[in-house]
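Note that the structure is a prediction, hence the values are computed from the model and not measured.
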Amino acid sequence: MAQLSRRHVLALGAGGAFSAGWLRGAAASEMPAEAHGMSAFGDLKYSADFHHFDYVNVDAPKGGTFSLIPSVRAYNQSYQTFNSLNAFILKGDGAQGMDMTFAPLMLRAYDEPDGMYGLAAKSVKISADRLVYHFTMRPEAKFHDGTKLTAHDAAFSLTSLKTKGHPLIIVQMRDMVSAEAIDAATLVVTFAKGRARDVPLYVAGLPIFSKAYYASRPFDETSLEIPLGSGPYKVGKFEVNRYIEYERVKDWWATDLPPCRGSYNFDVVRYEFYRDRDVAFEGFTGKNYLYREEFTSRLWATRYDFPAVKDGRVKMEVVPDDTPSGAQGWFINTRRDKFRDPRVREALIDAFDFEWTNKTIMYGAYARTVSPFQNSDLMASDGPPPPEELKLLEPFRGQVPDEVFVAPFTPPVSDGSGQDRSLLRKAQQLLSDAGLPIKEGKRVLPNGEIFRIEFLLDEPSFQPHHGPYIKNLATLGIEASVRLVDAVQHKARQEDFDFDLTIQRFSMSATPGDAMRSFFSSQVAATKGSYNLAGVASPAIDAMIENIMAADSREELTVACRAFDRLFRAGRYWVPQWYNKTHRLAYWDQFGRPQKLPRYANGVGAPDIWWYDGGKAARLEQAKQP
């Protein structure tokens with residue numbers, strides 16, 4: 001969950017100082033030369049005269065259709081449905097893919113941690129104090145109706161998103177003071193003193209809307225009217241809750257710009273929506289859509305034996321995933337009194353037998369998640385914090401658990417029996433110590449009520465994972481149950497924090513920044529629609545987020561993230577689940593893709609840098625003939 005496309009770059013964090021062109025020691029009144037791109041710490045791979053990104057096929061043919069089901073989402077989007085073409089506000093369920101219809105100021109490069117290069121803006125100047133940014137707009141930029149895209153549209157868009165956008169956008173734009181158009185060609189964005197490091201990058205990756213279009217329409221209302229865009233695609237055919245197509249703009253103004261060459265190759269990108277994973281799989285076997293990343297180990301291990309796989313019409317690949325795998329788990333709603341004691345939360349962790357679940361239900365396909373920075377060098381190392389981390393943590397000694405200064409918490413490894421007696425005894429003791437005794441066979445809360453837990457789900461495919469967990473909780477005297485609801489109700493209940501435990505998955509970027517607030521800060525713990533599902537509200541964690549955002553080098557960033565990791569893991573805010581070190585891909589064999597996929601692509605770069613292979617498609621058609 002919570003991964004974004006190239007255009008809505010790094011909603012989960014990523015730097016915010018500009019690239020070559022500014023000098024740290026310059027006087028605040030000096031204005032450096034124009035820069036063609038920006039990154040978190042001033043390092044860019046590509047020079048101003050670059051022709052295209054190294055990882056694309058610059059000669060990739062245009063044409064064909066790429067169809068898929070949603071695998072990432074952002075803001076108000078859902079995996080299972082849509083009922084609105086406004087994907088940047090809280091209301092409604094926004095359609096997947098709407099970001100493809102808008103051009104931002106700059107685009108991200110997939111082979112750098114956070115490098116961005118000019119799109120609607122051809123260049124940028126920043127003041128030496130890095131608080132005022134002058135973007136020069138491209139004169140050729142235009143909307144799909146032929147009208148010019150100007151600095152006035154960009155200023156309107158950023159101001160509207162800051163005041164009326166999705167709460168997560170508003171939080172991440174907190175340090176943007178203003179966006180003003182000096183004239184049609186010049187956008188000036190001003191940031192607050194002490195602003196988060198990654199806010200300028202985030203702002204530069206937001207969509208640009210037409211000011212004239214919204215002059216007669218409310219910005220923050222759900223709508224199925226197709227908005228006026230300026231990106232490589234425009235909305236085509238769609239049917240609410242079922243599918244939506246995006247048609248390539250064949251005379252797109254940015255097609256031959258360096259960041260775009262070799263990208264956006266399909267004539268049509270189509271998203272199909274299903275309410276059930278098993279039904280969605282059947283849709284793939286019937287060629288209702290053409291590309292699938294498999295997230296269910298059971299299906300990967302047992303169901304990919306249908307005729308099209310056997311005769312080679314469907315290709316299967318396992319591609320290494322070198323990006324941070326992020327966090328997936330049952331997040332515990334600490335806003336509720338019954339979960340306020342961390343000993344209770346630790347007991348819930350001890351009751352989940354990952355080893356048995358992985359072996360029995362998931363075919364041994366996964367590794368245990370222990371950190372929100374899983375599979376990255378931002379994870380805390382074993383043992384006590386080294387001096388550089390200790391310096392950040394020491395002010396909170398006595399306010400945070402002592403283990404923070406000993407070793408990062410790691411979920412226990414069970415004996416794999418499904419009912420590890422030693423772990424359950426430990427959980428029993430933790431609950432008793434927290435004042436939850438057993439009475440008449442039931443675990444009782446301090447207020448005398450029976451301890452009950454409800455797991456909130458919107459997908460039946462997760463139900464098997466809950467059965468053995470619920471059985472272990474019953475052994476502890478806890479009454480647990482699963483509530484399966486539809487996607488709309490699930491989204492509403494998560495936004496209102498109306499749950500006990502619910503599953504969330506998110507991945508942090510290689511350069512976390514301001515978006516950390518959206519998941520972990522006190523600032524959003526009570527903000528409807530925030531990703532802080534657990535209700536984390538810790539002064540120490542807040543301070544560590546500030547240290548992450550203020551880091552002046554990657555070394556400082558790594559230290560701050562590792563210190564944060566120790567604090568978060570000590571809080572027992574979630575029951576960690578699992579992650580996969582690879583991407584499991586299946587697709588009907590009519591596509592081409594770069595031989596070496598870029599490390600920081602969203603997934604494997606599909607569909608952005610893949611292409612339609614007419615020769616393969618013809619052979620595919622011939623193969624199905626009797």
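- Aromatic ring centres of Phe53 and Tyr117: separated by under 6.0 Å.
- Using a cut-off of 4.0 Å between Lys/Arg side-chain N and Asp/Glu carboxylate O, Arg292 and Glu294 are scored as salt-bridged.
- Remark: the Asp608 side chain and the Ser263 side chain contain no N/O donor-acceptor pair separated by less than 3.5 Å.
- Shortest non-hydrogen contact noted between Ala155 and Thr159 is O-OG1, 2.8 Å.
- With respect to Arg493 and Asp498, a salt bridge is recorded, a charged nitrogen being found less than 4.0 Å from a carboxylate O.
- Between Tyr271 and Tyr79, the ring centre distance reaches or exceeds 6.0 Å.
- Asp54 places a side-chain heavy atom less than 4.5 Å from the side chain of Lys45.
- Asn532 and Ser530 share no side-chain donor-acceptor pair at under 3.5 Å.
- Closest of all the heavy-atom pairs between Val604 and Leu597 is O-CD2, 3.3 Å.
- Between Tyr600 and Tyr110, a ring centre-to-centre spacing not shorter than 6.0 Å is recorded.
- Partner Asn76 forms a side chain to side chain contact (heavy atoms under 4.5 Å, CB included) with one of Leu90, Leu168, Asn86, Ile89 and no other, that one being Ile89.
- Contact annotation: the side chain of Met38 approaches that of Met106 to within less than 4.5 Å [non-hydrogen atoms, C-beta and beyond].
- A centroid separation of 6.0 Å or more is found between the aromatic rings of Tyr612 and Phe66.
- Taking 4.5 Å as the limit, some side-chain heavy atom of Ser230 sits within range of a side-chain heavy atom of Leu149.
- Nearest heavy atoms, Leu107 versus Cys260: CD1-SG, 3.9 Å.
- Using a 4.0 Å cut-off between a side-chain N of Lys or Arg and a carboxylate O of Asp or Glu, Asp486 and Lys491 do not qualify as a salt bridge.
- Ring-centre distance between Trp252 and Tyr264: below the 6.0 Å cut-off.
- For the pair Ile208 and Pro104, the tightest heavy-atom approach, listed with the atom from each and the gap, is CD1-C, 3.9 Å.
- The distance between the ring centers of Phe238 and Tyr243 does not fall below 6.0 angstrom.
- Shown here for Glu317 and Arg593, the closest heavy-atom pair between the two residues is OE1-NH2, 2.5 Å.
- Judged purely by distance below 3.5 Å, without hydrogens or angles, the side chains of Thr502 and Gln494 pair a donor atom with an acceptor atom.
- Proximity of a side-chain donor or acceptor of His144 to a complementary backbone N or O of Gly231 within less than 3.5 Å is detected.
- The aromatic ring centres of Phe506 and Tyr531 sit 6.0 Å or more apart.
- Ring centroids of Phe209 and Phe88 are separated by less than 6.0 Å, placing the two rings close together.
- A distance-only check finds a donor-acceptor pair linking the side chain of Arg138 to the backbone of Gly118 [under 3.5 Å].
- Looking only at side-chain heavy atoms (C-beta outward), Glu245 and Val269 stay at 4.5 Å or farther from each other.
- A ring-centre distance under 6.0 Å is not found for Phe462 and Trp330.
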